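As the structure lists them, so they are numbered: ligands from 1, and atoms in each ligand from 1. As the structure is a prediction and not an experimental result, all values here were calculated from the model.
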Amino acid sequence: MKVVILLGPPGAGKGTIAEGLKSATDYIHVSTGDMLRAAVKAGKPVGLQARSYMEKGELVPDDVIMRIVTERLEEGTPNAHYLFDGFPRTLEQARLLDEVLSAHQGRIERVFLLEVSRQVLVDRLAGRRVCRNCGAVYHIRNIPPKIPGVCDICGGELYQRPDDTEATVLNRLEVFKKQTQSLIEYYEMKGVLARVDAGQEKEKTVAAIMQILRGGIQEA
Ligand code: AMP
């Protein structure tokens with residue numbers, strides 16, 4: 001089992017970059033945020049536990065997150081490659097992930113830190129719109145749909161995530177700074193961290209990541 005992690009503040013484009021990488025690699029995309037939103041929508045117990053934290057922009061407790069991630073990994077084959085987006089988000093989650101990986105003879109290939117200025121982050125989140133039906137992501141200025149409020153792909157209704165409103169966005173950025181920052185040091189110490197400029201166009205960020213990943217494969 002091999003794992004690549006996308007680490008970065010909300011609005012850094014983790015989901016968008018993961019989509020780009022998915023088409024260029026055989027990694028299975030695992031987004032804890034998407035899994036939690038699906039659980040909320042389906043009215044599952046884990047969704048009920050997570051909902052109030054998500055609406056406030058707080059982190060969902062580590063035990064809930066580890067349960068959904070472990071279940072997800074158990075669905076795959078032992079030698080599958082995973083691309084984690086939005087996980088781990090705390091030092092405790094990172095340590096528990098290490099335990100899960102060593103139990104499966106797995107390893108972390110790389111952790112990409114997506115770096116973006118605060119102004120760009122706030123603008124990206126405030127303008128983000130998501131299709132209620134298929135989950136496609138738009139931005140009112142940067143990636144506008146052909147018809148305002150309507151998904152180009154499936155015709156579904158576009159909405160603003162309840163945690164993308166300004167007050168919650170500012171809280172999520174603070175939460176990232178306080179709780180996720182220590183992960184950067186953790187992975188830096190392990191020698192797996194790579195910093196990538198995610199303020200540029202998506203294609204360029206994806207290409208920069210692919211180059212580092214390919215370099216890693218040649219070295220191995
Ligand atoms: P995201 O889509 O990654 O921005 O996640 C949306 C929300 O889901 C976050 O603001 C958290 O409330 C929750 N969440 C997602 N992933 C995690 C995680 N690894 N640890 C704790 N909470 C999470």
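Shown in contact with E58 at under 4.0 Å from a heavy atom are these atoms of ligand 1, numbered in order with element: 11 (C), 12 (O). Atoms of ligand 1 found under 4.0 Å from any heavy atom of I65 (numbered from 1 in listed order, with element): 17 (C), 18 (C), 19 (N), 20 (N), 21 (C), 22 (N), 23 (C). Residue R161 has at least one heavy-atom neighbour below 4.0 Å for each of these atoms of ligand 1: 1 (P), 2 (O), 4 (O), 6 (C). Atoms of ligand 1 found under 4.0 Å from any heavy atom of Q93 (numbered from 1 in listed order, with element): 18 (C), 19 (N), 20 (N), 21 (C). Within the listing of ligand 1, atoms 8 (O), 13 (C), 14 (N), 15 (C) sit less than 4.0 angstrom from a heavy atom of L36.
Considering backbone and side-chain atoms together, F87 places no N or O closer than 3.5 Å to any N or O of ligand 1. Remark: ligand 1 and Y53 share no N or O pair separated by less than 3.5 Å (distance only, no angle test). Taking any N or O of G86, backbone or side chain, at least one lies under 3.5 Å from an N or O belonging to ligand 1. Looking at T32 next to ligand 1, an N or O pair under 3.5 Å apart turns up. Ligand 1 has no N or O atom lying under 3.5 Å from any N or O atom of D34, backbone or side chain.
The residue from I68, L97, V30 that alone fulfils the side-chain contact (heavy atoms from CB on, under 4.5 Å) condition with F87 is L97.
A salt bridge is absent between E185 and K190; no separation between the charged side-chain nitrogens and carboxylate oxygens falls under 4.0 Å. Salt bridge status for E99 with R95: absent, with no side-chain N to carboxylate O gap under 4.0 Å. A salt bridge links R172 with D164: the closest approach of a Lys/Arg side-chain nitrogen to an acidic carboxylate oxygen falls below 4.0 angstrom. The pair R89-D62 fails the salt-bridge criterion, with no side-chain N (NZ, NE, NH1 or NH2) lying under 4.0 Å from an Asp/Glu carboxylate O.
Contact between R37 and ligand 1 is present, with at least one heavy atom of the residue lying under 4.0 Å from the ligand. Residue contact check for ligand 1: K14 places no non-hydrogen atom closer than 4.0 Å to it.
Here the side chains of K56 and T168 are not in contact, with every heavy-atom distance at 4.5 Å or above.
Between the side chain of D152 and the backbone N or O of K146, at least one donor-acceptor pair lies under 3.5 Å. Formation of a donor-acceptor pair under 3.5 Å by the R195 side chain with backbone atoms of F112 is not found in this model. Listed for the Y27 side chain is no donor-acceptor partner under 3.5 Å among the backbone atoms of A18.
When only non-hydrogen protein atoms are considered, atom 5 (O) of ligand 1 lies nearest to R89 NH2, 3.4 Å. In this structure, the protein non-hydrogen atom closest to atom 22 (N) of ligand 1 is V60 N, 3.0 Å.
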